[in-house]
Amino acid sequence: MDALGVGPDEAIPLFALASDPPSDARYYAEAVRGVWGRIGEIDALIGKAAENWRVERMTLVDRNILRLGAYELSPASDIPVAVAINEAVELGKRFGSEESGAFINGILDRISDIVRKKTTAEGSA
């Protein structure tokens with residue numbers, strides 16, 4: 001969506017056409033719509049975790065993997081933290097630069113700390 005300038009209604013069918021082997025269509029649609037619906041909040045979270053990096057200056061691949069990872073780290077997600085981070089790191093290694101895996105790991109680790117502290121503070125209030 002970032003690269004094509006389209007929304008989820010256009011991106012989801014395009015991905016289904018290009019996905020070989022076929023992806024988990026339900027998960028993909030939910031993740032795309034979830035990231036799209038909270039993109040401002042997610043980008044702010046990435047920006048808070050990424051010291052000295054502005055979200056818009058990150059590579060397209062790293063930025064979008066981080067968005068998916070941050071979405072999966074949200075309290076509403078049922079994906080374990082270690083799984084969300086590990087999957088994002090593997091995507092970064094496969095589709096990003098040589099440094100993407102370590103970069104994504106560092107940012108998502110900070111995001112998981114921020115989310116955990118916020119959730120704990122809200123739970124004790």
Side-chain angles (χ1 to χ4, degrees):
M1 297 186 313
D2 219 6
L4 299 174
V6 299
D9 292 336
E10 295 85 13
I12 292 169
L14 288 174
F15 180 77
L17 287 173
S19 182
D20 185 29
S23 66
D24 179 341
R26 184 172 159 239
Y27 165 77
Y28 178 74
E30 182 180 311
V32 168
R33 291 186 192 290
V35 170
W36 185 260
R38 296 178 43 213
I39 197 150
E41 174 190 343
I42 289 170
D43 282 357
L45 188 57
I46 293 169
K48 185 175 180 180
E51 295 173 17
N52 304 319
W53 281 91
R54 290 193 333 239
V55 174
E56 64 273 10
R57 293 198 62 209
M58 295 175 183
T59 67
L60 181 73
V61 170
D62 290 354
R63 181 174 56 238
N64 284 292
I65 291 171
L66 284 169
R67 285 172 171 161
L68 176 61
Y71 170 75
E72 290 183 337
L73 291 172
S74 71
S77 172
D78 61 353
I79 298 173
V81 169
V83 172
I85 293 175
N86 189 52
E87 287 180 352
V89 167
E90 292 304 316
L91 286 172
K93 289 178 181 175
R94 182 171 178 192
F95 297 107
S97 70
E98 191 173 307
E99 296 84 23
S100 291
F103 178 71
I104 290 166
N105 185 52
I107 302 297
L108 290 181
D109 189 51
R110 286 190 207 125
I111 289 173
S112 73
D113 283 346
I114 292 167
V115 169
R116 182 179 41 79
K117 288 175 184 170
K118 182 179 177 190
T119 303
T120 301
E122 289 173 354
S124 63

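Here the structure is a predicted model, which means the values were calculated and not measured.
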Check: residues 85-93 side-chain donor-acceptor pairs under 3.5 Å, at least two apart:
none

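Grouping the Ile, Leu, Val, Met, Phe, Trp and Tyr side chains by contacts below 4.5 angstrom, directly or via other members, places L68 with V83. With hydrophobic clusters built from ILVMFWY side chains whose heavy atoms lie under 4.5 angstrom apart, I114 shares a cluster with I104. In this structure, M58 is not a member of the same hydrophobic cluster as L60, with clusters built from ILVMFWY side-chain heavy atoms closer than 4.5 Å. The cluster map of Ile, Leu, Val, Met, Phe, Trp and Tyr, joined by side-chain heavy atoms under 4.5 Å apart, puts L14 and V35 in different clusters. I65 is not connected to Y28 by any chain of hydrophobic side-chain contacts under 4.5 Å among Ile, Leu, Val, Met, Phe, Trp and Tyr, and they are in different clusters.
The structure places CG of N64 at 12.5 Å from CZ of F95, a figure rounded to the nearest 0.5 Å. Distance CD/E99 to OG1/T59: 10.0 Å, rounded to 0.5 Å. For the atom pair K118 NZ and L45 CG, the distance stands at 8.0 Å (nearest 0.5 Å).
Considering only residues two or more places apart in sequence or on other chains, D109 meets the salt bridge (Lys or Arg N to Asp or Glu O under 4.0 Å) condition with none of them. Residues satisfying the side chain to side chain donor-acceptor pair (under 3.5 Å) criterion with T119, sequence neighbours excluded, are absent altogether. In this view, E56 and R54 satisfy the salt bridge (Lys or Arg N to Asp or Glu O under 4.0 Å) rule, not counting sequence neighbours. Residues passing the side chain to side chain donor-acceptor pair (under 3.5 Å) test with D43 are R67, sequence neighbours excluded. Residues satisfying the side chain to side chain donor-acceptor pair (under 3.5 Å) criterion with D9, sequence neighbours excluded, are R33.
Between Y27 and I79, the closest heavy-atom pair is CE1-CD1, 4.3 Å. Taking both residues in full, the closest heavy atoms of L108 and A70 are given as CD2-N, 3.7 Å, listed atom of the first, atom of the second, then distance. Heavy-atom minimum distance, S112 versus V81: CB-CG1, 3.9 Å. Of all the heavy atoms in E10 and G7, the pair that sits closest is OE1-N, 2.9 Å. Across all their heavy atoms, I42 and Y71 have their closest contact at CD1-CB, 3.9 Å. Residue L73 comes nearest to A84 through the heavy atom pair CD2-CB, 3.9 Å, listed as atom of the first residue, atom of the second, then distance.
With hydrogens and angles left out, the side-chain atoms of S77 and S74 include no donor and acceptor closer than 3.5 Å.
W53 is not listed as a side-chain neighbour of I107, based on a closest heavy-atom distance of 4.5 Å or more. Between V115 and P75, some side-chain heavy-atom pair lies under the 4.5 Å cut-off.
Crowding of R116 atom CZ: a count of heavy atoms from other residues, nucleotides or ligands under 6.0 Å exceeding 12.
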